[in-house]
Amino acid sequence: METTPITVPQADTNEKLMQMFEELRTYEKKNLRINRIRMLCSGLGLLILIVALIIGLSYVGTVVSKVNDVSKIAIVTVNNINTIAEQITKVDLEKLGKSLQSIADMGEVTLRQVSTATEGLDELVKDADEAMQHINSVNFQDLNNGIKELNDVLEPIAKFFNVFR
């Protein structure tokens, strides 16, 4: 039976192993830092999304109430038109001129009501446009630079705390 001689690892091999472990440790530290930055960026993106949704939802209620107001006025207008149509069929030619005047008056009142109800819509659209401009004005390049600067500030602190491990 032949046996293989036992060899003792040389110092050169131990140094290579220590160097490999140190490189692996450095790689893991960088990977951890990158993952933290990714989480920070994800959190900031989520925050921006939530703010945009809150701004959008705050305008939805106002728009819905204005649309309801316009709808109510439209129903009143349709009822007025139906009433006028019934009156026209009952009126003779002499009274037609008077009826037309009353139709014009009712139409004028209805138009004023519609105009009054839709005044706020222009401001709403303007406010929504301004909100979208604010969202679009976010400078992602500056945000990325800020994250890089934050990383540059946190890296020495992380190294300092790693000394105590």
Side-chain angles (χ1 to χ4, degrees), residues 25-162 164-165:
R25 188 171 149 227
T26 304
Y27 172 77
E28 288 299 322
K29 283 182 184 180
K30 288 179 183 178
N31 195 18
L32 178 63
R33 187 177 308 122
I34 289 170
N35 286 336
R36 286 179 181 164
I37 291 171
R38 284 182 184 157
M39 289 298 291
L40 178 64
C41 290
S42 297
L44 288 173
L46 182 62
L47 179 67
I48 290 170
L49 178 65
I50 289 171
V51 167
L53 285 175
I54 289 171
I55 290 170
L57 289 177
S58 68
Y59 287 110
V60 168
T62 309
V63 170
V64 167
S65 69
K66 292 293 182 180
V67 168
N68 284 336
D69 291 343
V70 171
S71 174
K72 289 175 185 176
I73 292 171
I75 290 171
V76 169
T77 303
V78 168
N79 290 336
N80 288 342
I81 291 172
N82 287 336
T83 304
I84 292 168
E86 288 175 12
Q87 290 175 356
I88 288 175
T89 58
K90 294 178 185 177
V91 174
D92 62 5
L93 292 177
E94 289 179 324
K95 294 182 181 178
L96 183 59
K98 293 178 185 177
S99 295
L100 289 176
Q101 183 61 44
S102 99
I103 291 172
D105 292 342
M106 285 182 173
E108 183 181 352
V109 168
T110 303
L111 285 175
R112 273 192 244 127
Q113 288 174 342
V114 169
S115 176
T116 303
T118 58
E119 283 177 1
L121 288 176
D122 292 338
E123 292 177 19
L124 262 162
V125 169
K126 181 181 174 185
D127 291 343
D129 186 46
E130 288 177 10
M132 287 309 294
Q133 287 176 0
H134 287 301
I135 290 170
N136 289 335
S137 69
V138 172
N139 187 341
F140 289 100
Q141 182 63 35
D142 287 345
L143 182 63
N144 288 337
N145 288 341
I147 291 170
K148 183 184 178 302
E149 291 173 7
L150 179 64
N151 185 42
D152 291 343
V153 168
L154 292 177
E155 186 174 352
I157 294 171
K159 286 180 182 177
F160 175 75
F161 283 107
N162 283 335
F164 295 106
R165 285 190 174 182

*Are Asp105 and Gln101 close enough that a side-chain donor and a side-chain acceptor fall under 3.5 Å?*
yes
*How many angstroms lie between atom CG of Asn82 and atom OG1 of Thr77, to the nearest 0.5 angstrom?*
11.0 Å
*Between CD1 of Ile50 and CD1 of Ile55, what distance do you get to the nearest 0.5 Å?*
12.0 Å
*In Å and rounded to the nearest 0.5 Å, what is the CD1 to CZ distance from Ile34 to Arg36?*
12.0 Å
*Could you give the distance from CD1 (Ile73) to CG (Asn80), rounded to the nearest 0.5 Å?*
11.5 Å
*Please check if atom CZ in Arg33 has more than 12 non-hydrogen atoms from other residues, nucleotides or ligands closer than 6.0 Å.*
yes
*Which residues pass the side chain to side chain contact (heavy atoms under 4.5 Å, CB included) test with Leu53, sequence neighbours left out?*
Leu49
*Distance from Arg112 atom CZ to Glu108 atom CD, nearest 0.5 Å?*
4.0 Å
